[in-house]
Student: 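I'd like to ask you about the structure that follows.
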Amino acid sequence: MPAKRVRKPSAGPRAVRASVTLPPGVYGTLRDIARQKKVSAAWVIRDAVEKYIAEQWPLFGKAE
């Protein structure tokens with residue numbers, strides 16, 4: 001019988017998963033950027049959202 005995976009407790013609050021729908025062209029560009037940077041598409045989205053929030057609401061600082 002395989003061993004049951006146990007999740008390690010994290011130091012900070014758990015992340016929240018969000019689902020988005022993107023037009024095919026936008027998603028293609030997103031994948032291209034991720035490949036060039038050698039990161040995941042999710043990383044590119046998180047980076048873009050953090051920059052957007054910082055630009056729109058600079059007094060909030062970095063969201064975590």
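All values reported here derive from a predicted model rather than from experimental measurement. Start at 1 with the first residue, then count along the sequence.
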Student: Using salt bridge (Lys or Arg N to Asp or Glu O under 4.0 Å) as the criterion, list what pairs up with Arg46, not counting sequence neighbours.
Tutor: none

Student: The criterion is side-chain contact (heavy atoms from CB on, under 4.5 Å); which residues satisfy it with Asp47, sequence neighbours excluded?
Tutor: Trp43, Lys51

Student: Considering only distance and modelled atom types, tabulate donor-acceptor pairs under 3.5 Å from the side chains of residues 21-31, sequence neighbours left out.
Tutor:
from  : atom 1 : to    : atom 2 : distance (Å)
Thr29 : OG1    : Gly25 : O      : 3.1

